*Asks:* 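Please read through the structure below; I'll follow up with questions.
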Amino acid sequence: MSEEKKETNQPNSNDGNIFIRYFLITVLLGIVAVLILVNAFKTGIGEKKEWLEAARKIQNLPDRRVNPMRGNILSDDDRLMATDEPLYYIYMDFGSEGFTKEKGFAIDSFYHAKHNSVDSLAFRLAKKFKNRTQAGYKAHLINGLKKKSRRYLVYEGKISFLDLKEIKEFPFLRMNGRNSFFTTREMMQRKKPFGMLAAYTIGDIYGAIDEKTGLTKGNKGLELYYDSLLRGVAGLNEVRRVAGRTINVVAVEPTDGMDIRTTIDINIQDIVEKALIDKLKDVDAESGTAVVMEVKTGEIKAITNMGRTAPGRYAETMNHAVADEIEPGSTFKVASMMVAIEDEVVQPTTPVDVGNGRKQVGIRKVTDHNYDRGYGLINAEKAIWYSSNIGVSELIYNAYKNNPTQYIEGLHKIGMDADLKIKIPGAGKASLKWPSDKSRYGWSATSLPTIPYGYEVKIPPIQTLTFFNAIANDGKMVRPMFVRDILKDNKSVQHFDTETVISKICSDRTLKIIQDMLYNTVNYHDPTHRNPDGTGKPAKSEVITIAGKTGTAVRATGGVYRSDGYNVTFCGYFPYENPQYTCIVVINRPHVGTASGGFMSGTVVKEIAEKIYANTTVLDIRKIADDSLKVLYPDVKNGSYSALQKVAQAMDVKMNVPEKIKSDYISARDDGKNLIIKDLSVIENLTPNVVGMGAKDAVFAMENCGLRVLIAGSGKVVSQSIPNGSKIVKGQTVTLTLQ
């Protein structure tokens, strides 16, 4: 017992080992604690600024601008004429962290990955764009990597958003989320669903998006004039780091641009453009313009400006109708005659001798287009019909040579130099010469005899159109309109009404005389054939009545008039009895045929007028007389009587029916008043008569008798291989021929 107690009180050697272990652990923990404290001190004190800056960057990532959508441009019936289409340039950032040696995840994959290497990417890019081979794309990309380019263009062209989504899933590029080595640059272009229709008037935009504002900028036409309304205001997304992820928080919503509803009628625009281009090709002209204006409102329903870009090819190159300040030529004679008649110094019957087509007026030698034979003694109204330079020049010169200012003031009063305030950038302005202007290019001794037939004045085509439109509009001159409404969320926020420039350009008496002159310029025909027709005869239509005036002007080059360069014009309105539209066509420098405002421009106006009439005329068929060959009822096939009864009842067709119908098979014919019904009796065991029936009834009738049927052709049965009335042999085959 004492020995056991003795053994228990002896020290255990394991106790020392445990103590040593605890001691070592405590020392190690102490060392760790010291290291933690040292690093905490280093981080909190020594590296405080660096870590605070890093935290700030994480929590306050750069805000992202949200670009607005530019407003749409619409036709008068709200069809899209211009809308935004985003396009993208795609780049590789070979200087990003993913391509550095220390963090070479991207570079390793780029060279060595099984499915995401440069080889796989080059294969997909070559297949997509087809502008390089696979080897070409590989060399192209490796070249960028060697240069460590931060903005290396992967593909030289611009791609759509759908293409961009597809490309982001290409090999290697789909890993972009980790390393941000794939970047894009957004561009914007205006998509025009109707191609080049009225393209120069609509305008365009600069493709680059402003890096500061996120907005696009208009370039030419309505895009430029209404740029501040169309472009909108950019919004802002705040980028925040939450739970290890970046999220966008909308701070400011973007404001999309407003839409513009124009006055352009797509159908009329298409008619005008095609008619003009066809004529430009025929006469090999340098350029041409055509405009259609609605008489009462001044709305421009169509405007096209075509310039030759290659032999036989034309496209919109500039807005000639609005911008060109040209000498109008003989269309200006109408204005001169209106002033003289209004001042009662000339009457329609006032005689004027134009001789053989060459005559000196004042100190000016004036020549008519038929100077080889001339018109001889004519009167004032025929000077307009025949477009005699001498006739109009002499009448005006004799009337105003003692007071030329009165003549120019008259032109001013009727609006020939009125400020039309055209809402198109680059619009030209009409200008008249005044006798008080004694500058180098001002009034001279040749001005009074020359201005009356359209030289020494500058008048844009749209100004001439506006003047002729006033004649059609009972003397009221209205401002040309290109835009009808400004829209926000499909609702009009600003509507533009018709604006009056001059309420009455002349008296009703003068207006009626001028209207008659324009009518006869196109439609006059001397039944005795002793007098020539008007110069506008090529514009005469058998479909719609057109009134107007021709013009042919020699173009000046460097102040010198060259006989190889002409502007030929026709301006008129239609229909004459109730004017709806005014149209001007100007063709510049035709090279094929004799320059003629009637035969060239006049025929274009005629085609435009006839096609507009055909597209807008609605006939009331209730007022159309019956055709003598009209069929009262549709052709009725022989067949089921019960089916015919249902159809006849639904169509309110009268039938003349015998008292008794023995079978359900009948024939029917139209006697001009109603349908005459005849029974087609079916006798048991005898082949029925199915001639005249449709396939459905004929097959049913034959198979109901136990015959097999073969059909040849379509339509009505014209013959049957087993004659009607023949004894039926069950299972026998009968062939029915249909036509």
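Fair warning: this is a prediction, and the values are worked out from it, not measured in the lab.
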*Asks:* Does one side chain, of T263 or K301, offer a donor that lies under 3.5 Å from an acceptor on the other?
*Replies:* no
*Asks:* Determine, stepwise, if the pair N305 / N319 fulfils side chain to side chain donor-acceptor pair (under 3.5 Å).
*Replies:* CA-CA 6 Å; N305 300 276; N319 203 332; 3.0 Å; yes
*Asks:* With heavy-atom distances below 4.5 Å as the criterion, would you say the side chains of V346 and M337 are in contact?
*Replies:*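 When only atoms from C-beta onward are counted, M337 and V346 do touch, with a gap below 4.5 Å.
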*Asks:* For residues T349 and N379, is any side-chain donor paired with an opposing acceptor at under 3.5 Å?
*Replies:*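 Side-chain D/A pair, T349 to N379: absent.
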*Asks:* With a 3.5 Å cut-off and no angle check, do the side chains of H495 and D497 form a donor-acceptor pair?
*Replies:* yes
*Asks:* Supply the atom-to-atom distance L411 CG to K433 NZ, rounded to the nearest 0.5 angstrom.
*Replies:* 14.0 Å
*Asks:* Are a donor atom and an acceptor atom from the side chains of K333 and S388 found within less than 3.5 Å of each other?
*Replies:*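 No - no donor-acceptor pair under 3.5 Å links their side chains.
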*Asks:* Hey, could you give me the CD/NZ distance between Q406 and K413, rounded to the nearest 0.5 Å?
*Replies:* 7.5 Å
*Asks:* State whether a side-chain donor-acceptor pair under 3.5 Å links E381 with T350.
*Replies:*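 There is no such pair (donor and acceptor under 3.5 Å, judged by atom type) between the side chains of E381 and T350.
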*Asks:* To the nearest 0.5 Å, tell me how far I390 CD1 sits from N356 CG.
*Replies:* 7.5 Å
*Asks:* Please tabulate, for side-chain N and O atoms in residues 272-280, each donor-acceptor pair with protein atoms closer than 3.5 Å (sequence neighbours left out).
*Replies:*
unit_1: K274; atom_1: NZ; unit_2: D278; atom_2: OD2; d: 3.0
unit_1: K279; atom_1: NZ; unit_2: T603; atom_2: OG1; d: 3.4

*Asks:* Side chains of S596 and T594: donor-acceptor distance under 3.5 Å anywhere?
*Replies:*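 No.
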*Asks:* Tell me whether the centres of the aromatic rings in F574 and Y576 are closer together than 6.0 Å.
*Replies:*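 When the ring centroids of F574 and Y576 are compared, they turn out to be at least 6.0 Å apart.
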*Asks:* Does K296 come within less than 4.0 Å of E294, counting only side-chain N to carboxylate O?
*Replies:*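 E294 and K296: not salt-bridged.
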*Asks:* Starting from the C-alpha separation in whole Å, work towards a yes-or-no answer on side-chain contact (heavy atoms from CB on, under 4.5 Å) for T535 and H369.
*Replies:* CA-CA 10 Å; T535 56; H369 62 89; 4.1 Å; yes
*Asks:* OG1 of T262 to CD of Q269: how many Å apart, nearest 0.5 Å?
*Replies:* 9.0 Å
*Asks:* Hey, are D284 and R308 close enough for a salt bridge, meaning a charged N less than 4.0 Å from a carboxylate O?
*Replies:*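 Salt bridge between D284 and R308, a charged N being under 4.0 Å from a carboxylate O: yes.
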